[in-house]
Every structure is written in structure tokens, then in C-alpha cells.
Q: 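Attaching a single structure in C-alpha cells format; questions to follow.
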Amino acid sequence: MSLTKQFSIGFLLVLLMVFVGTVYINVNNFRTYVESQLSSHAQDTATSLGLSISPYVGDENNLPIVETMVNAIFDSGYYQSIVLKSTQDTIIFEKQNPPTPENVPSWFSELFPLNPPISKTEINSDWNIAGVMTVKAHPGNGYAQLWETAQNTFKFTLLLFIVGSALLYTVLRAILTPIFSVVSASERISERDFSEIENVPKTRELNLMVKAINKMAGILNKQHNELTAQAESYYESAYVDSLTKLGNKLALDNRLSRMFADKEMMPGGYLIIIRLSSLAQVNEYEGAQTADIYIKTLAAIVKEKGKNFNAETYRVRGGDFVVLLENVNESRCCDFLNALSDELSAQTLPIYSNGFAHIGAAKFNELTEKQKLLENADAALTTARHTSKRWQLASQLEKRISQSEWRKQFNRIIRDNAVDVVRQPVKNFDNEVIYHECFARFKSENDDNYLPMSELVAESEHLRFAGQLDTLILKKVLTLLAQNTDEVVGINISPLTLAEKVHIDNFLYTLRENPILAKRVVVEVPEICLQNAPENSTYFAEKLREIGSMLTLERVGSSIAALSLLRKFRPNFIKVDGSFTRNINKLEDNQFFVRSLVNIAHGLNIHVIAELVEEDDELLTLKGLFVDCVQGYLICQPCKWKSE
């Protein structure tokens with residue numbers, strides 16, 4: 001029972017007892033007073049009436065006079081009985097009124113009975129006793145007065161009861177509101193929200209309590225901000241180019257290592273190298289300051305043109321930039337190159353003697369080797385200097401499926417539910433499975449092979465099928481999950497799904513249709529969604545919490561922006577980007593960043609997962625950095641999830 005109910009019930013019981021006791025005592029005291037008054041009145045009447053009729057008693061001829069005098073008194077209604085008896089105890093005459101009071105409830109008469117005593121007086125005739133008269137007052141009038149008094153007392157006490165209850169409510173509200181604020185603040189702190197209580201009560205004890213919780217929230221908020229600032233500062237110094245604020249060569253190396261180590265996500269897209277064609281001449285003849293402006297101009301152009309393509313841009317050295325376009329097809333890549341080329345061509349100044357810049361691009365997929373990819377892009381870059389548009393696409397390594405064919409494939413997949421699921425466990429260091437991450441494989445038309453995932457993902461986003469495929473995968477996973485009693489599974493959601501509310505709502509609707517299974521689902525959201533669609537991502541996270549599903553923010557560390565948004569997004573898990581996991585035992589920069597990230601996450605009560613773990617030394621290093629869970633080929637290889 002809540003403290004409010006305990007206080008309320010306790011005080012109301014006390015007030016109720018006071019109310020009942022007050023009414024009863026007042027009415028009972030008045031009853032005693034009424035009985036005393038009735039007794040006194042009856043005795044006075046008996047004495048005065050006895051004196052009045054004494055001259056006429058003893059003579060039968062005078063009895064009518066006596067009766068007339070008695071009737072005059074009796075007819076007033078204040079008496080229940082008047083009896084005149086002779087000395088031989090013979091009734092000379094008798095007058096009686098019914099004892100039942102009028103307009104008074106019977107239960108009240110039974111609860112507060114009036115018993116007026118009988119008053120006697122002797123009637124003298126000369127010096128002899130001629131008779132005895134008894135008078136008993138009628139209780140009806142007494143009951144009426146008693147009933148009226150009880151009503152007035154009840155009304156007045158009830159008014160006091162209501163006023164007391166209102167005062168009690170006001171006092172309880174004044175006391176409990178700060179307590180509830182403290183409880184609410186404690187719950188917010190447990191949910192990684194360190195906002196302080198605004199309304200501080202003036203009551204000293206409550207004031208101290210609220211100030212104490214505000215002080216604690218302020219300290220935690222300060223610690224979180226300091227850890228976040230420290231991590232951001234280190235990230236910028238280690239992985240960000242100081243001139244352009246783009247990722248540096250170390251960040252690119254980490255990104256490529258992660259991309260080609262992730263055997264399940266099957267990367268696909270284009271690596272683009274952009275080189276400032278006239279940097280050496282500008283640096284030599286115009287000076288370093290002009291050269292810096294030259295470099296920053298290209299950086300601004302690439303960032304602006306890459307926004308619509310989710311491009312990742314890095315400055316690797318001098319005038320060389322690398323752009324990663326992941327999950328795009330050749331058509332989209334050419335659109336980007338043409339838009340970029342047109343903008344660069346517009347930058348015509350005499351100081352750019354060899355042109356502004358030239359571009360080389362090479363395609364990659366899950367089968368591409370990193371070194372071969374860089375060689376292909378560099379070869380295309382060399383050729384690009386002599387082309388009219390100053391960009392060149394390296395020759396493709398495999399035959400490309402047309403967009404019309406892809407559209408047919410997607411419609412077939414959705415129609416036939418042509419999807420298989422493989423899964424890989426996420427385990428803690430006690431070898432307990434936290435959940436299984438699920439990966440989709442889409443069957444080809446002959447059902448013997450799977451479609452190439454690198455191209456499929458790119459084309460699904462380009463042709464806007466990603467949202468439907470995500471919902472299809474979710475339904476498949478829920479069907480398989482229904483056959484298992486206690487497993488928890490993770491499912492990835494694409495950035496395109498989170499970019500459009502209609503796809504978000506379809507995904508959530510599927511979960512709501514399966515409320516029991518939904519509580520065993522962990523949805524993995526890419527970190528980039530927090531930057532590209534922050535409102536949709538926050539909306540999606542809030543709805544998942546309402547449904548009861550859990551949330552993982554994956555690829556954390558691929559950019560610095562997500563760190564400041566963690567508290568608002570409130571995931572259950574964060575998954576450190578695999579670029580920091582690979583060879584972490586040898587890279588102190590990565591160790592320092594992961595340690596900072598773990599400190600921030602644990603301060604927000606978030607569990608940290610490291611993915612792509614493939615070496616024992618990596619595992620030991622991650623354990624020493626207090627990472628909570630690990631995932632990768634060293635832990636367990638993915639296997640197909642078959643229906644039972």
C-alpha cells in the first residue's frame with residue numbers, strides 16, 4: 001500500500017472516530033440533561049396540581065372539578081400519564097398518552113432511550129391524606145429536542161470533518177509532492193536522465209531532502225558530461241583531421257578493417273578517392289594559408305554533396321580524400337560523381353593550374369580484398385586526370401543485375417516469403433547467451449543459392465524496398481521465435497526504414513500484434529540514424545519501450561555525434577563499432593576510446609557489446625576494459641535458424 005493511502009486512511013480513521021465520538025458524547029450528555037429536565041418538570045407539576053385539587057379530593061361530588069383541572073394540565077401534551085389513587089390504592093381516575101414520540105426515527109429512540117421518572121405527591125384533605133397522585137412526563141418533546149440537537153451536532157461535526165479532510169489533503173499534498181518528486185527524480189536517474197527538481201519546498205526537512213537529490217543529480221550529470229567531453233576530445237585528437245574536421249587516415253583504416261571483417265553484413269558499395277590536382281603548386285607559389293583554404297573548400301564541397309548519399313568522408317593525407325558510399329548501386333554512385341564533378345569544375349581559378357581535383361572510384365563487395373580495392377581506386381584516379389569530367393569508375397568485377405530485374409526479385413521475395421535467417425549469439429564473459437543477432441539471407445529464384453547481399457542491400461534502398469524487407473524479416477523471426485520458449489533475438493533495422501514514418505509504424509504494428517514475443521526482441525539501430533533522423537529514431541525508441549522490446553545502438557564510435565545523444569536515446573545495449581575491436585590488443589588509441597565509451601555507458605546503466613571478436617588477445621583486452629558482452633567468430637560462428 002502506498003504511503004499516501006496509509007496516511008490518508010490513518011488520518012481519516014482518526015477523524016471518523018473523533019466525529020462519531022463527538023456526536024455520541026454530545027447527544028448522550030444532552031439526553032441526560034433532558035431526562036433531568038423531564039423529572040424536574042414532572043415533580044413541579046405533581047406538587048402544584050396536588051395543591052390545586054386538594055380542596056376537592058375526598059368528595060365524590062367534586063370529582064368533575066378535579067378531572068377538569070387535571071385535563072387542563074394533561075391536554076398540554078407534556079405528560080405521558082397522570083394517575084390519582086385513593087389511600088386504598090384504588091384508581092380514582094387516570095390519564096394516559098401513547099409513549100411513542102412523533103417525527104423521531106425508532107432507531108434513534110432505541111439508541112438514546114429517555115426514561116423519565118415518575119413523580120408522586122400526596123393529596124391532603126384537611127389533616128388527612130385523601131389520595132396519591134403520580135405524574136410521568138411525556139418523552140416525546142424530549143426526543144424531539146434530542147433529535148434536533150443530534151442533527152445539528154452531526155451537521156456541525158460533519159462540516160468540521162470535511163474541513164479537516166481538506167486540510168489533511170493539503171498537508172499530505174505539501175508533504176508528499178516533494179517525496180514524489182524525489183522518487184520521480186530517482187527513477188529518471190536510473191533511466192539516465194539527470195535533470196534536477198525545479199520546485200524546492202520551503203519546509204526544512206523536505207527542502208534538505210530535495211536539495212540532496214538535486215545535488216546527486218547534478219554530480220552525476222557533471223560526471224557524465226565530463227566523460228562525454230573527454231571521450232569526444234580524445235576521439236577528435238585520435239580520429240579527426242584537425243584542419244577539415246573529417247575522419248583521418250586512422251579512422252579510415254579502422255573503418256575498412258571493420259567493413260571487410262564483418263562477414264555477415266556483407267558490405268557493398270564504392271570507395272572513391274579525390275585528389276586536389278593543384279595542391280603542390282598552390283602550396284609552393286601561394287603559401288600554406290592559401291593551400292589550407294584550398295583543402296577546406298574541397299572538404300566543404302564533398303560534405304555537402306555527400307549528405308544525400310550517407311557518404312563517409314576522410315582526409316587521409318595532404319590533398320587526398322576518401323569517400324565511402326556504402327549500400328549504393330552504380331547508378332547512385334554515378335549520380336554522386338557527376339554532381340561532385342560539376343561542383344568541382346565550377347571552382348576555376350588561375351592558381352589551379354592543373355585543375356581543381358580529379359576522382360577515381362572502385363566497387364567493393366564481401367569478396368573484395370582491401371588492397372585490391374585501393375589499387376583499383378588508385379588506377380581509376382590516375383586515368384581520371386585525362387577524362388573530360390575528371391572522374392573515372394574502375395572496371396566492375398562481376399556482372400550487374402539490372403534494376404528492373406531487382407524489382408522483380410524484391411516483389412518475389414515479399415510474395416513468397418523467400419527469406420532464411422542465420423544467427424550469431426551475443427555472450428557475456430560467463431559464456432551466457434544474452435541474445436542472438438539475426439541476419440537475413442534471401443533466396444534466389446531457383447532456391448538453391450542466395451542473392452548477393454552487398455548488391456541486394458544497395459538496390460533495396462535505391463528502389464525503396466528496405467522498409468518492406470525489414471518487416472518481412474521481423475515476421476520471419478517472430479515465427480521462428482514462437483517455437484522457442486525463452487530465447488531473446490536481435491534484429492537489425494535499416495536507416496531507410498527509420499527515415500520514413502510509414503515504415504516505422506508498419507514495423508511497430510507487427511511487434512504490437514505479437515506482444516508476448518515482442519518482449520523477447522532486441523532491435524539494433526545503426527548509429528548513423530541518430531544523426532540523419534534524430535526525431536524518428538527517438539520516436540521509434542519510445543514506442544519500442546512502450547511495447548516492451550529492447551534496443552541496441554550499433555556501430556557506436558563510427559562518429560562522435562552519438563555520444564551526446566545516448567542519454568536521450570536510452571538504449572539497453574550499445575555495440576562498439578568493429579573497427580575499434582579489430583587488433584584492439586595492439587592499438588592503445590582504440591583501447592583508450594573503448595574504455596571511455598564503457599565508462600560513459602556504465603554511467604547511464606547501458607551494457608556494452610564488442611562485435612567482430614576473432615582473436616583470444618582481443619577477447620582478453622576487451623575483458624580488461626570492462627566490456628560486458630562479446631560477439632564474433634571466436635565466440636561462435638553464425639548458423640542457420642531452422643524451424644522445429
Q: Side chains of Q637 and Q424: donor-acceptor distance under 3.5 Å anywhere?
A: no
Q: Working note: D335 + R332, criterion salt bridge (Lys or Arg N to Asp or Glu O under 4.0 Å); need CA distance, chi angles, decisive distance, verdict.
A: CA-CA 5 Å; D335 290 342; R332 289 271 289 166; 5.7 Å; no
Q: Heavy-atom distance under 4.5 Å between the side chains of I584 and D617, does that happen here?
A: no
Q: Around F429, counting heavy atoms of other residues, nucleotides and ligands shown, do more than 12 lie under 6.0 Å from its CZ?
A: yes
Q: Quick one: CZ on R441 to CD1 on I473, what's the gap to the nearest 0.5 Å?
A: 10.0 Å
Q: Tell me whether the NZ or CZ atom of K249 lies within the 45° cone about the ring axis of Y314 and under 6.0 Å from its centre.
A: no
Q: Testing the 3.5 Å rule here: is there a donor-acceptor pair between the side chains of N365 and T368?
A: yes
Q: Cut-off 3.5 Å, side chains only: do S277 and R390 have a donor facing an acceptor?
A: yes
Q: Would you kindly say whether N329 and E459 are connected by a side-chain donor-acceptor distance under 3.5 Å?
A: yes
Q: Using 0.5 Å steps for rounding, measure from the CD1 atom of I491 to the NZ atom of K476.
A: 12.5 Å
Q: Given K307 and E304, is the salt bridge (Lys or Arg N to Asp or Glu O under 4.0 Å) satisfied, shown in steps?
A: CA-CA 6 Å; K307 285 181 180 178; E304 179 63 29; 3.3 Å; yes
Q: Just checking Y270 against F336, ring centres under 6.0 Å apart?
A: no
Q: Working to the nearest 0.5 Å, report the span between CZ of R258 and CZ of R582.
A: 11.5 Å
Q: Heavy atoms, side chains only, cut-off 4.5 Å: are R315 and N248 in contact?
A: no
Q: About how many Å separate CG of L508 and NZ of K501, when rounded to the nearest 0.5 Å?
A: 10.0 Å
Q: For residues L324 and F364, determine if any side-chain heavy atom of one lies less than 4.5 Å from a side-chain heavy atom of the other.
A: yes
Q: Are any of the side-chain heavy atoms of R595 and N599 separated by less than 4.5 Å?
A: yes
Q: If only side-chain N and O atoms count, and only distance matters, is there a donor-acceptor pair under 3.5 Å linking D628 with H602?
A: yes
Q: Where do I351 and S278 come nearest, in terms of heavy atoms and distance?
A: O-CB, 4.3 Å
Q: Once side chain to side chain contact (heavy atoms under 4.5 Å, CB included) is applied, do any residues pair with T552, and if so which ones, sequence neighbours excluded?
A: Y435, V522, E524, F573, K575
Q: With distance as the sole criterion, is a donor-acceptor pair present between the side chains of N492 and E437 under 3.5 Å?
A: yes
Q: Look at R255 together with E326 and state whether they make a salt bridge at an N to O cut-off of under 4.0 Å.
A: yes
Q: If only side-chain N and O atoms count, and only distance matters, is there a donor-acceptor pair under 3.5 Å linking S341 with N338?
A: no
Q: To the nearest 0.5 Å, how far apart are CG in L498 and CD1 in I528?
A: 11.5 Å
Q: Once you round to the nearest 0.5 Å, how far does CG of L381 lie from CZ of R275?
A: 4.5 Å
Q: When you compare the side chain of L456 with that of L469, does any pair of heavy atoms fall below 4.5 Å?
A: yes
Q: Verify whether one side chain among Y450 and D420 offers a donor that lies under 3.5 Å from an acceptor in the other.
A: yes
Q: Please verify the inter-ring angle class for F410 with W406; under 30° counts as parallel, over 60° as perpendicular, anything in between as tilted.
A: parallel
Q: If we count only N and O atoms by modelled type, under 3.5 Å, do the side chains of Y239 and D253 hold a donor and an acceptor together?
A: no
Q: Do D470 and S494 have side-chain N/O donor and acceptor atoms under 3.5 Å apart?
A: yes
Q: Out of L246, T244, V323, which residue meets the side-chain contact (heavy atoms from CB on, under 4.5 Å) rule with K303?
A: L246
Q: I'd like to know if R415 and E445 make a salt bridge, using a cut-off of under 4.0 Å between side-chain N and carboxylate O.
A: no
Q: Given side chains that start at C-beta, do those of T382 and R385 come closer than 4.5 Å, heavy atoms only?
A: no
